[in-house]
Amino acid sequence: MSIRILVVDDNDILREDLCQQLAKQPDFTVVGSASTGAEAVQKALEIECDVILMDIEMESIRAGIDATAQIHPERPKVQIIYLTAHDNDDMILTAMATGAVDYFVKGSDNDELYRHIRMAHAGTPIMSAHTQEVMLREYSRLRRNEFSLLYFVNTLASLTPTERTLIRYLLHCLNAMQISEIRVVGIETVKSQIHSIREKFGCSRAKDIVAFIRQLGLEHLFL
């Protein structure tokens with residue numbers, strides 16, 4: 001059974017050449033092409049296809065990403081492969097969050113692209129080593145943040161009202177001397193209280209506590 005492919009690229013020459021090369025494969029059929037994200041959405045909803053090769057930067061820097069985000073919910077069985085010149089980590093993560101199954105960088109070997117198309121169509125998509133590394137690194141980061149959040153919640157429950165107030169001052173970048181003046185208590189008392197907070201969070205410095213809270217995006221719990 002032939003694999004029906006929709007090709008999306010804003011470069012007319014590259015798009016036409018790719019269509020011609022794909023058509024030479026006995027198991028590929030190019031069923032359409034588009035030059036913008038908006039046109040890609042329209043054709044993806046009108047034409048029966050199995051795989052979409054989606055450029056990213058077209059009428060805007062993320063036109064292909066926006067188009068994929070619209071197409072995927074309507075055509076969840078269509079396998080979308082990004083075919084783009086962009087190879088930076090942020091772009092890969094943003095793009096792969098839209099429901100696409102693969103990310104292929106332009107300029108790579110055509111036979112390798114064909115292999116990616118066939119694997120995606122078979123339901124076993126493959127990604128380049130770099131794309132896999134980026135995805136795994138992000139997964140690990142999210143897992144670490146999940147653990148950190150649970151640890152933070154448990155620690156938060158052990159804080160006294162005074163310690164919560166001290167953390168608020170630390171988040172405002174105040175030092176021990178400034179805090180002691182505001183609270184009208186001795187600086188040694190403030191240092192002792194900060195030391196208690198550091199022990200609860202397992203941090204050696206007050207600024208590490210601040211960085212930890214900001215990393216989790218939970219400053220609002222103290223402000």
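Each residue takes its place number in the sequence, starting with 1.
- To the nearest 0.5 Å, atoms NZ (Lys24) and CG (Asn110) are separated by 9.5 Å.
- With hydrophobic clusters built from ILVMFWY side chains whose heavy atoms lie under 4.5 angstrom apart, Leu170 shares a cluster with Ile213.
- Looking at every heavy atom in both residues, Ala206 comes nearest to Ile194 through CB-CG2, 4.0 Å.
- In this structure the side chain of Asp10 never reaches within 4.5 angstrom of the side chain of Thr36, judged on heavy atoms.
- Here the side chains of Tyr169 and Gln178 are not in contact, with every heavy-atom distance at 4.5 Å or above.
- No side-chain donor-acceptor contact under 3.5 Å links Thr124 to the backbone of Ala120.
- Side-chain contact check for Met54 versus Ile81: every heavy-atom pair is 4.5 Å or farther apart.
- Each side-chain hydrogen bond (donor to acceptor under 3.5 Å, both in side chains) pair with one or both residues in residues 63-72, not counting sequence neighbours, appears once here: Arg62-Asp66, Thr68-Tyr82.
- Contact check for Leu83 versus Leu18: side-chain heavy atoms found under the 4.5 Å cut-off.
- There is no path of hydrophobic side-chain contacts, each under 4.5 Å, that joins Val8 to Ile47.
- Between the side chains of Ser196 and Glu163, at least one donor N or O lies within less than 3.5 Å of an accepting N or O.
- Counting all heavy atoms, side chain and backbone alike, Ile167 lies closest to Phe201 at CD1-CE1, 3.9 Å.
- In summary, Lys106 and Asp55 engage in a salt bridge, as defined by a charged side-chain N under 4.0 Å from a carboxylate O.
- For the pair Asp50 and Lys77, the minimum side-chain heavy-atom distance is 4.5 Å or more.
- Nearest heavy atoms, Arg168 versus Phe222: CD-O, 2.9 Å.
- No continuous path of hydrophobic side-chain contacts links Phe28 to Leu14 [ILVMFWY only; heavy atoms under 4.5 Å].
- Here the shortest heavy-atom pairing between Cys19 and Ser33 reads SG-CB, 4.2 Å.
- A donor-acceptor pair shorter than 3.5 Å cannot be found between the side chains of Glu188 and Ser192.
- Note: Met96 CE to Thr94 OG1 = 11.5 Å, rounded to the nearest 0.5 Å.
- Contact of the Ile117 side chain with the Gln25 side chain is not registered, since no non-hydrogen atoms from C-beta on lie closer than 4.5 Å.
- Taken to the nearest 0.5 Å, the OG atom of Ser35 stands 9.0 Å off from the CG atom of Asp9.
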For this session: Tell me, with the steps shown, if Ile80 and Val101 meet side-chain contact (heavy atoms from CB on, under 4.5 Å).
Result: CA-CA 6 Å; Ile80 301 177; Val101 299; 5.9 Å; no
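- Taking CD1 of Ile3 as the reference point, atom CD1 of Ile5 lies at 6.0 Å (rounded to 0.5 Å).
- Under the 4.5 Å side-chain heavy-atom criterion for Ile, Leu, Val, Met, Phe, Trp and Tyr, Val78 and Tyr114 are members of distinct hydrophobic clusters.
- Rounded to the nearest 0.5 Å, atoms NZ (Lys200) and CD1 (Ile209) are 11.0 Å apart.
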Problem set entry | Derivation of the side chain to side chain donor-acceptor pair (under 3.5 Å) call for Gln20 and Arg15 | CA-CA 9 Å; Gln20 290 174 6; Arg15 187 179 65 255; over 6 Å; no
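- At a threshold of 4.5 Å between non-hydrogen side-chain atoms, the residues Thr84 and Met91 do not count as touching.
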Problem set entry | side-chain contact (heavy atoms from CB on, under 4.5 Å) between Ile56 and Tyr103, intermediate numbers included | CA-CA 10 Å; Ile56 289 182; Tyr103 193 102; 3.8 Å; yes
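- The side-chain heavy atoms of Leu53 and Leu22, taken from C-beta on, include a pair separated by under 4.5 Å.
- Pairing each heavy atom of Val105 with each of His86, the nearest pair is CG2-O, 4.4 Å.
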For this session: Walk me through it: do Ile182 and Leu174 pass the test side-chain contact (heavy atoms from CB on, under 4.5 Å)?
Result: CA-CA 10 Å; Ile182 292 172; Leu174 300 180; 3.5 Å; yes
Problem set entry | From CA spacing to verdict: salt bridge (charged side-chain N to carboxylate O under 4.0 Å, His left out), Glu46, Lys43 | CA-CA 5 Å; Glu46 292 177 350; Lys43 291 200 172 181; over 6 Å; no
For this session: Check the pair Ile126, Arg115 against side-chain contact (heavy atoms from CB on, under 4.5 Å), reporting the backbone distance first and the verdict last.
Result: CA-CA 9 Å; Ile126 53 177; Arg115 186 168 77 93; 3.5 Å; yes
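- Residues Val190 and Ala176 approach most closely at CG1-O, 3.9 Å, considering heavy atoms.
- Side chain to side chain, Arg198 and His195 meet the donor-acceptor criterion of an N or O pair below 3.5 Å.
- Clustering ILVMFWY residues whenever any of their side-chain heavy atoms sit less than 4.5 angstrom apart, transitively, puts Met119 in a cluster other than the one holding Leu113.
- Taking CD of Gln193 as the reference point, atom OG of Ser180 lies at 10.5 Å (rounded to 0.5 Å).
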For this session: Could you go through the side chain to side chain donor-acceptor pair (under 3.5 Å) check for Gln79 and His121 one step at a time?
Result: CA-CA 7 Å; Gln79 307 299 303; His121 180 253; over 6 Å; no
